[in-house]
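I am attaching a structure below and will ask some questions about it afterwards.
Indexing begins at 1, ligand by ligand and atom by atom, following the structure's order. Fair warning: this is a prediction, and the values are worked out from it, not measured in the lab. In this chain, residues are counted from 1 in sequence order. These values consider heavy atoms only, across backbone and side chains, with no hydrogens, waters or symmetry-generated copies.
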Amino acid sequence: MNQDEAQMQDAEVSTPIKGAAMRRMIIVGGGFSAATLAVQVLRTTDVPVAITVIEPREVIGAGLAYSTMDPDHRLNGPLEGHMIDPACPDELLQWCLAERILDRDPDCLGPAGHAFLRRGDLGSFFSYTVSKQAREAKCGSTLRHVRDVAISVTCANEIYQVETKEHGVLTAELLVIATGNPEPSLRAPFPASAHLHPAIVANPLEPRRLLDVADNARALVVGSGLTALDVVSTLLRERPQCDITVISRRGLRPSAHAPDIVERPSEDAAAAKPKVPNTDAPVPTFLADEVPSIRRWCRALRTEISRVQEAGGSWHDPFDAVRDTVWKLWPQLPIDEQQRFLKKLRVYYDVHRFRAPVMNDKMVRKAEAKGRVRFLAATLLNVDAPAKSLNVTADMQVGADKTRLRRDYDLVINCTGLDARSALSDNPVLVSLVEQGMLSVHENGLGFDVTANCEGVGSDGTIQKNPAGDRAPVCRHIRRPGGSYVHRSASSAHCAGLERHNHLARSGKSLRR
Ligand SMILES: Cc1cc2nc3c(=O)[nH]c(=O)nc-3n(C[C@H](O)[C@H](O)[C@H](O)COP(=O)(O)OP(=O)(O)OC[C@H]3O[C@@H](n4cnc5c(N)ncnc54)[C@H](O)[C@@H]3O)c2cc1C
């Protein structure tokens with residue numbers, strides 16, 4: 001924690017201008033969404049805003065993704081695609097240069113010169129920027145970090161009351177829910193008591209647990225996405241004799257980045273501007289005239305990919321054009337189409353969308369070639385984890401011919417992903433918002449129902465009304481649990497400047513996993 005962050009905790013760091021009506025904003029959750037929103041409010045607001053961020057972690061900005069201190073846990077995209085404020089796209093690079101990050105972490109540079117920073121470094125940049133901006137806040141706005149957990153919300157007379165575990169009740173006219181994804185947890189076929197077993201790692205984001213095993217341990221990684229890549233990288237570094245098996249139902253793995261990122265560039269390519277996600281782009285023309293339907297969109301995308309590949313390009317460009325506008329496309333789909341996508345196609349979308357950091361991919365493929373790591377298309381059927389045993393027996397069904405396999409492991413690591421559906425039941429503040437009728441789980445099962453302006457929609461369809469009639473968003477996201485949802489009350493029309501950073505905050509979300 002830096003000195004500024006220490007000051008921010010439980011104290012407002014800048015002095016409000018006398019006489020100007022202070023607007024109060026509570027942000028529940030202090031990860032990336034909170035950081036980007038707070039920074040942009042503090043930079044652009046025309047009226048003083050007193051922001052309180054309720055977050056149990058030590059700093060604002062790190063959240064689930066950027067709290068890791070493992071040197072091999074890297075961003076899944078290049079530096080230039082990550083920012084806290086899209087109005088200042090070079091800020092991260094400038095900070096890295098000032099902090100000599102690229103000197104201290106020379107391995108972060110890929111063959112084409114793109115930097116894949118350590119996620120912990122990005123977390124430090126976010127918390128540094130939040131602290132700095134709090135000191136330089138516009139209009140006498142303030143920022144306070146309350147290190148606590150929000151447990152319930154009520155609203156009376158257009159004022160939100162947020163009850164915390166240890167700091168009593170905090171009040172504000174504006175409430176932003178930015179609680180992100182839930183921590184990973186075990187699901188079937190792991191037995192209910194499995195999280196207590198010494199050989200089972202329920203939360204792979206806690207890499208220290210991985211080091212509790214012997215050098216020559218037999219490890220089973222369940223799931224083969226980006227988290228599995230993190231875990232395998234840590235094991236390869238720390239337990240060089242370890243024998244690692246990675247399983248996933250379809251045997252899919254995160255795709256490689258585009259050739260202009262992974263390959264040594266030609267002179268022309270080296271001079272070209274790096275491509276960054278552009279969420280302000282219009283829906284690509286090859287989709288614009290299609291009736292909203294997964295089948296039609298997939299067909300149009302495949303046709304476009306063939307056309308691009310025939311001309312010597314790669315699939316990444318057409319795919320990225322869809323990725324960048326998916327927040328506009330997704331709400332157009334009828335609910336049954338959304339559900340069909342989530343059930344059948346999401347896994348294919350994800351492996352193309354969430355690409356392997358170049359360094360981790362290289363390291364893992366090298367170990368695979370030496371036989372130290374193997375990837376299998378296999379379904380985990382049963383996990384036998386007797387309380388008194390130090391290891392675990394796993395039953396699997398492998399490959400298309402469904403061969404049965406029974407093996408003992410010294411370590412089983414759950415990398416099956418973040419369970420969006422458990423977000424509600426695990427988080428008391430979300431339960432409370434649903435109970436109060438301020439939020440409802442979206443029909444498609446993924447996150448909460450919100451308007452295009454990101455206002456919560458209650459179970460009876462009531463939108464969190466703003467008496468001033470102004471419903472400008474603070475952040476816009478497609479309906480997903482990782483997004484931020486805003487509840488507004490009183491005359492929020494005068495949290496002026498918010499309209500602008502709403503839009504900016506949305507752009508800043510473009511690379512979320
Ligand atoms: C392992 C991992 C790696 C990722 N890597 C990348 C990457 O390389 N690039 C990229 O663009 N995206 C990446 N992402 C996506 C990432 O989730 C988003 O980029 C972004 O960090 C999400 O921000 P958030 O604010 O919604 O959630 P978070 O950053 O997770 O913040 C939510 C915060 O809310 C707090 N909270 C929850 N409930 C409460 C409560 N009741 N009271 C108080 N506080 C609460 C939590 O403590 C948490 O700190 C990654 C995600 C994960 C999980």
Considering L117, D148, N76 one by one, which has a heavy atom nearer to atom 7 (C) of ligand 1 than any of the others? N76

When only distance counts, is R57 in polar contact with ligand 1, meaning an N/O pair under 3.5 Å?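 Yes.
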
Heavy atoms only: which of R147, R74, R119 is nearest to atom 5 (N) of ligand 1? R119

So, is N427 polar-close to ligand 1, with some N/O to N/O distance under 3.5 Å? yes

With only distance considered, is A150 within less than 3.5 Å of ligand 1 through an N or O on each side? yes

Just jot down the ligand 1 atoms closer than 4.0 angstrom to any heavy atom of L64, in number order.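 Ligand 1 atoms under the 4.0 Å threshold to L64: 28 (P), 29 (O), 30 (O).
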
Under 4.0 Å from a heavy atom of L75: which atoms of ligand 1 are those, numbered in the order shown and with their elements? 8 (O)

At a 4.0 Å threshold, what atoms of ligand 1 neighbour a non-hydrogen atom of S33? 23 (O), 24 (P), 25 (O), 26 (O)

Using a 4.0 Å heavy-atom cut-off, say whether V28 meets ligand 1 through its side chain, its backbone, both or neither.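 The side chain, only.
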
Contact atoms of ligand 1, heavy-atom distance to G31 under 4.0 Å: 25 (O), 28 (P), 29 (O), 31 (O), 33 (C)

Which of the numbered atoms in ligand 1 are below 4.0 angstrom from a heavy atom of L205?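 Here the atoms of ligand 1 in question are 1 (C).
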
Would you say the rings of H257 and F116 are close, in the sense that their centroids are separated by under 6.0 Å?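 Judged by ring-centre distance (under 6.0 Å), F116 and H257 do meet the cut-off.
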
